[in-house]
Amino acid sequence: MTKRWIAGIGVVGILGWLCQYFAFIGSPPEKSMGNLIRILYFHASSAWIAFLSFGVAAFFALCYLIRRRPILDQISSSSAEIGVMYTTVTLITGSLWAKPIWNAWWTWDPRLTTTLILWFLYVGYLLLRGSIEGLERRAVVSGVYAIIAVADVPVIHFAVEWWNSIHPQVIDETGINMPGSMLFALMFAFVAFFAIYVLLLAVRTRQEAQRQRLYRLRREIQEVRGRAADKLQPDISAHPQLQMSVPKGSK
Amino acid sequence: MRVLQQMGFLWAVTAVVWLATLAFIVRLVQSQHRLHRELEQLERALQDVRRSE
């Protein structure tokens with residue numbers, strides 16, 4: 001492991017600890033929600049990072065469709081995978097907040113439902129990607145899918161305005177609805193999560209490049225073995241006695 | 001009692017966030033080891049096949 005990676009992990013670790021400090025100690029409890037407001041710093045940050053991941057996945061998928069460079073597809077698929085992880089975290093942390101506040105683990109609120117749809121869309125993306133043979137075909141099909149699926153992200157944002165929703169709105173047309181100390185904790189959590197996202201994306205993209213190299217190596221071995229088998233096979237047309245005779249009337 | 005219950009939910013959220021991140025990293029490291037091993041094996045196999053060609 002190079003010094004750069006160790007430094008990256010160190011910075012992310014420190015940011016993680018500071019995020020924990022500001023969320024638990026550095027920010028005050030809220031008037032009506034009490035300490036449960038602290039869940040928001042993790043929940044909202046993971047949701048924003050999930051949306052960012054899918055935005056990055058769609059952007060790089062579009063770049064791949066234009067430029068056809070493998071690295072663009074590698075970044076796109078890696079970002080989508082991290083996005084699925086953060087969407088899962090968002091759904092679980094949201095549920096843990098909803099239980100004491102709404103007295104229910106889950107309601108079919110527009111924002112919750114559209115977020116669940118987003119999760120299913122990108123789990124579908126990962127399954128689709130795993131089921132397609134051929135690197136280029138896989139990149140093109142999953143790229144088009146990523147561009148279409150990202151349309152759910154603005155729907156999630158506007159779901160609160162378009163339909164009757166009980167989900168609290170941190171950001172609306174009037175701006176950010178929270179005092180400075182809470183806003184600082186929220187923004188710090190977002191920065192920490194963003195740093196983790198960048199590190200995970202770098203590692204996962206490198207791995208995806210290796211995976212594609214592995215795929216190409218496998219194909220190369222198959223081709224070389226195929227050529228070797230062709231050389232060993234006798235020319236049947238030169239030996240009529242080796243040709244199979246087909247009985248009359250059979251198809 | 002209410003504060004204790006709230007702290008319970010808060011710790012559960014914290015655990016979910018960091019354990020999910022940790023699980024993702026562990027999965028990455030495991031698949032990295034597997035990939036590295038498979039790449040080495042395939043490169044050796046390709047060299048053998050080319051030599052015998």
Side-chain angles (χ1 to χ4, degrees), chain A residues 9 12 16 19-20 23-24 29 33-43 45-46 78 81-82 84-86 88-101 189 193 196-197 199-200 203-204 206-211 213-218 220-225 227-228 231, chain B:
Chain A
I9 293 166
V12 163
C19 161
Q20 198 69 32
F24 272 62
M33 275 192 256
N35 285 311
L36 288 173
I37 189 69
R38 300 177 203 280
I39 292 177
L40 170 94
Y41 308 134
F42 300 101
H43 173 69
S45 301
S46 53
S78 304
E81 199 179 298
I82 299 167
V84 170
M85 190 267 281
Y86 276 109
T88 311
V89 168
T90 304
L91 288 169
I92 297 171
T93 53
S95 191
L96 285 166
W97 176 85
K99 181 61 185 165
I101 297 289
F193 278 48
I196 295 168
Y197 164 72
L199 189 76
L200 290 179
V203 176
R204 185 65 189 81
R206 259 168 63 112
Q207 203 177 75
E208 188 61 26
Q210 284 185 328
R211 225 175 246 189
R213 195 167 144 237
L214 192 76
Y215 183 86
R216 278 193 214 98
L217 271 176
R218 275 195 189 127
E220 208 177 322
I221 286 178
Q222 275 176 359
E223 279 170 19
V224 173
R225 278 185 180 151
R227 278 203 302 271
K231 272 184 193 169
Chain B
M1 188 61 195
R2 190 168 162 262
V3 172
L4 268 180
Q5 194 198 22
Q6 285 186 349
M7 291 312 278
F9 279 106
L10 188 55
W11 280 111
V13 165
T14 312
V16 165
V17 170
W18 298 120
L19 287 179
T21 311
L22 194 69
F24 192 85
I25 292 168
V26 168
R27 220 201 80 213
L28 272 183
V29 171
Q30 278 177 342
S31 56
Q32 182 65 44
H33 280 303
R34 205 185 55 240
L35 264 177
H36 192 71
R37 219 176 32 240
E38 279 184 52
L39 268 174
E40 274 182 350
Q41 281 173 354
L42 274 183
E43 274 166 355
R44 266 203 305 273
L46 189 64
Q47 278 174 358
D48 289 346
V49 171
R50 275 187 180 147
R51 258 202 302 272
S52 63
E53 208 181 7

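What you see is a predicted model, and the numbers here were worked out from it, not measured in a lab. To find a chain, count down the sequence lines: A is the first, B the second, and so on, and within it residues start at 1.
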Margin query: Can you tell me which of A/Ile82, A/Leu200, A/Thr88, A/Val203 forms the most heavy-atom pairs within a distance under 4.5 Å of chain B?
Written below: A/Leu200
Note to self: Report which part of A/Ile196 has an atom under 4.5 Å of a heavy atom belonging to chain B: side chain, backbone, both, or neither.
What the structure shows: side chain
Note to self: Looking only at heavy atoms and a cut-off of under 4.5 Å, which of A/Leu96, A/Ile92, A/Thr90 has the most pairs with chain B?
What the structure shows: A/Leu96
Next item on the list: Please flag which part of A/Leu199 lies under 4.5 Å from any non-hydrogen atom of chain B: side chain, backbone, both or neither.
Entry: neither
Next item on the list: First locate atom CD of A/Glu220, then atom CD of B/Glu43, and finally report the distance between them rounded to the nearest 0.5 Å.
Entry: 10.0 Å
Check: What distance separates B/Ser31 OG from A/Glu208 CD, expressed to the nearest 0.5 Å?
Finding: 10.0 Å
Item checked: Under 4.5 Å from any heavy atom of chain B - which part of A/Glu81 -> both
Check: Which answer fits A/Arg206, side chain, backbone, both or neither, if we ask what part of it has an atom under 4.5 Å from a heavy atom of chain B?
Finding: neither
Notebook entry, point to check: Quick one: what part of A/Ile39 sits under 4.5 Å from any heavy atom of chain B, side chain, backbone, both or neither?
Noted result: both
Item checked: Donor-acceptor contact below 3.5 Å, side chain B/Gln6 vs main chain A/Met33 -> yes
Notebook entry, point to check: In terms of ring plane angle, is the pair A/Phe42 and B/Trp18 parallel, tilted or perpendicular, where the classes change at 30° and 60°?
Noted result: perpendicular
Note to self: Out of B/Thr21, B/Leu39, B/Val16, return the one with the most heavy atom pairs under 4.5 angstrom to chain A.
What the structure shows: B/Leu39
Item checked: chain A contact via B/Phe9 - which portion, at a heavy-atom distance below 4.5 Å -> both
Next item on the list: Please look at A/Tyr41 and chain B and tell me whether the side chain, the backbone, both or neither of the residue comes under 4.5 angstrom of a heavy atom of that chain.
Entry: neither
Margin query: Could you tell me if the side chain of B/Glu38 sits less than 4.5 Å from the side chain of A/Gln210, heavy atoms only?
Written below: no
Notebook entry, point to check: Could you state the interatomic distance from CG (A/Leu214) to CD (B/Glu40), rounded to the nearest 0.5 Å?
Noted result: 11.5 Å
Item checked: Greatest number of heavy atom pairs closer than 4.5 Å to chain A - which of B/Thr14, B/Val17, B/Leu35, B/Ile25 -> B/Leu35
Next item on the list: Mark yes or no for whether A/Gln207, through its side chain, and B/Leu28, through its backbone, hold a donor-acceptor pair below 3.5 Å.
Entry: yes
Item checked: Gap between atom CG of A/Leu217 and atom CG of B/Leu46 - 0.5 Å precision -> 6.0 Å
Check: Considering only heavy atoms from C-beta outward, does the side chain of A/Trp97 approach that of B/Val13 to under 4.5 Å?
Finding: no
Checklist line | Contact class of A/Ser46 relative to chain B, heavy atoms under 4.5 angstrom | finding: neither
